[in-house]
There are 2 protein chains.
Amino acid sequence: MEYSDKKTQLLIASDQYLNRLGIKTLLSVVGVESDLKETNNLEELIDLLKNGKDPDYLILSDRILSYPQKKCLENLRKQCPTCKLMVIGGETMCRCDCEKFISYSCDQKEMLEQFQNFFLEPKSLAINVESSILSEREIEVLKAIALGLANKEIADRLYISIHTVISHRKNITSKLGIKSISGLTVYALLNSLIHADEVK
Amino acid sequence: MEYSDKKTQLLIASDQYLNRLGIKTLLSVVGVESDLKETNNLEELIDLLKNGKDPDYLILSDRILSYPQKKCLENLRKQCPTCKLMVIGGETMCRCDCEKFISYSCDQKEMLEQFQNFFLEPKSLAINVESSILSEREIEVLKAIALGLANKEIADRLYISIHTVISHRKNITSKLGIKSISGLTVYALLNSLIHADEVK
DNA sequence: TTATCAATCCCTATAATTAATGATTTTACA
DNA sequence: TGTAAAATCATTAATTATAGGGATTGATAA
C-alpha cells in the first residue's frame with residue numbers, strides 16, 4: 001500500500017556529526033533511499049516530531065536522550081507511535097522499547113546486517129518498560145553525590161539538613177540497588193545527570 | 001617533493017565502525033585521496049605501525065588509547081615520528097601531543113574546516129607532556145576504588161593489609177589531586193582503567 | 001654505594017557515612 | 001477529603017574513611 005512517488009521519511013538524531021555521517025553513508029550502502037532529516041539534540045528532535053509528520057524510521061543515539069532514558073524514549077514513542085525506532089548505544093545502554101538496538105561496538109559486518117534487517121523486518125509491538133523511580137529531589141542529591149560532594153556540602157547546597165540528605169541517600173541506594181559511590185557516579189554519568197568534566 | 005605516483009598513506013584507528021565510516025566519508029568530501037588502512041583496536045594499530053611503513057597521516061579516536069593516554073600517545077609517536085597525528089576525542093580528553101585535536105561534538109562546519117586544515121597545515125613540533133605518575137600497584141588500587149570496593153575488600157582482593165590500601169590511596173589522591181571517590185571513578189573511566197559495566 | 005622509590009605495614013585521632021527507626025509537613029491525585 | 005508519596009528533620013550506634021604521623025624492605029638508577 002505504498003505510494004511509489006512518496007519517499008521513505010527518515011530521521012537521524014545523534015549528537016556527533018561523524019556518527020550521523022557514518023549512518024548516512026551506511027544507509028546508502030544498504031540502499032535505503034529516503035527523505036532524510038537530521039538533528040544533534042533532543043529539543044530539536046522533539047520539535048521535528050511535533051511539527052512535521054511522523055517519519056517512517058527514526059535512528060537515534062542513546063547519547064541524546066535525557067534522563068531517565070527509558071522515560072525519555074517512552075515520550076518520544078508517543079510523539080511518533082507508528083515509526084520504526086532504532087537506538088544505537090554503548091554497552092551499558094539499557095535495552096529499551098525499540099525495534100532495533102545496535103551497539104556502537106558492532107563491526108562492519110554486523111552493523112550492515114542489523115541495518116538491512118531493520119528496514120526489512122516488520123514493525124514489532126512496543127515493549128512496556130517501567131520508568132525511573134527517583135524523585136526530583138533524589139535526583140538532585142544523586143547529582144551532588146556523583147559530583148563528589150560530601151553529605152554536609154550537599155546539605156548546604158540544597159539548603160536542607162544533613163539528615164535529610166542521608167534520608168534521600170538511603171532512598172536512592174535502595175531504589176536503584178546501587179550502594180557504592182562509584183556505582184552511583186557511573187549511573188549518573190550514563191543517565192546524563194552529570195558530565196564527566198564537572199566532577200571534582 | 002612528492003612523488004605523484006605515490007598516494008598519501010593514511011591510517012584510521014577508532015573503536016567504532018560508524019566513526020570510521022564517517023571519517024572516511026568526510027575524507028572524500030574534503031578531497032583527500034589516499035591509501036587507507038583502518039583498525040578498531042590499539043594492538044592492531046601498533047602492529048600496523050611496526051610492520052608497515054609509517055603512514056603520512058594517522059587519525060585516531062581517544063577511546064582506543066590505553067592507560068595512561070598521554071604515555072600511550074607518546075609511545076605511538078615513537079612508532080611513527082614523522083606522521084601527522086589527529087586525535088578525535090570527547091570533551092574531557094586531555095589536550096595532548098598531536099598536530100590536531102578535534103572534539104566529537106564539533107558540528108559539520110567546524111569538522112570540515114578542521115579536516116581541511118589538518119591536511120594543509122605543516123607538521124608542527126611535538127609538545128612534550130609529562131606522563132602519568134601512578135605506580136602499578138596504585139593503579140590496581142585505583143581500579144578497585146572505582147569499581148566501588150571498600151578498603152577492606154580491596155585489601156582482601158590484593159592480599160595486602162588495609163593499612164597498605166590506605167597508604168596507596170593517600171598517594172593516589174595526592175598524586176592526582178583528586179579527593180573524591182566520584183572523581184577517581186571518572187578518572188578511571190576516562191583512562192579506560194575500568195569499564196562502566198563492571199562497577200557495582 | 002648512596003639515594004630514591006615502590007610496596008608494604010602500623011598508630012592515633014577525627015571526620016564522614018550507614019543502618020535502623022521514627023516523625024512531621026506538604027503536595028498531588030483519585 | 002482521604003490517601004500516598006515526597007520532602008523534611010531527628011536520634012543512636014556502628015562502621016568506614018581521612019589526615020597526620022612513622023617504619024621497614026627490596027630494587028634500581030646515579
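Protein chains get the first letters and strands the later ones, always in sequence-line order, with residue 1 at the start of each.
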Using five pairs at each end of the helix from C:dT1-D:dA30 to C:dA30-D:dT1 to define an axis, what is the angle between those two axes, to 10°?
50°
Quick check on contacts: within residues 143-162 of chain A, what sits under 4.0 Å from DNA chain C by heavy-atom distance?
A:A150, A:N151
Residues at least two apart in sequence or cross-chain that pass side-chain contact (heavy atoms from CB on, under 4.5 Å) with B:T164, listed by chain then number, are B:I160, B:S161, B:H168
Residue pairs involving residues 29-65 of chain A (criterion ring-ring contact (aromatic ring centres under 6.0 Å, His included); sequence neighbours excluded):
A:Y57-A:F118, A:Y57-A:F119
For A:I178, the side-chain contact (heavy atoms from CB on, under 4.5 Å) test, sequence neighbours excluded, returns A:L176, A:L184, A:Y187
From the 5' end of DNA chain D to its 3' end, which nucleotides mark the outer limits of contact with chain B, defined by a 4.0 Å heavy-atom distance cut-off (strictly under)?
D:dA17 to D:dG21
Using side-chain contact (heavy atoms from CB on, under 4.5 Å) as the criterion, list what pairs up with B:Q108, not counting sequence neighbours.
A:Y17, B:L112
Can you list every salt bridge (charged side-chain N to carboxylate O under 4.0 Å, His left out) pair that touches residues 144-169 of chain B, not counting sequence neighbours?
B:K152-B:D156, B:E153-B:K200
Qualifying salt bridge (charged side-chain N to carboxylate O under 4.0 Å, His left out) pairs, either residue in residues 176-188 of chain B, two or more places apart:
none
Residues clustered with B:L120, ILVMFWY side-chain links under 4.5 angstrom
none
According to side-chain hydrogen bond (donor to acceptor under 3.5 Å, both in side chains), does anything in residues 21-32 of chain A pair up with another residue at least two apart or in another chain? List the pairs.
A:K24-A:E38, A:T25-B:T25
Base versus backbone protein contacts along nucleotides 25-30 of chain C [heavy-atom cut-off under 4.0 Å; B, S, -]
------
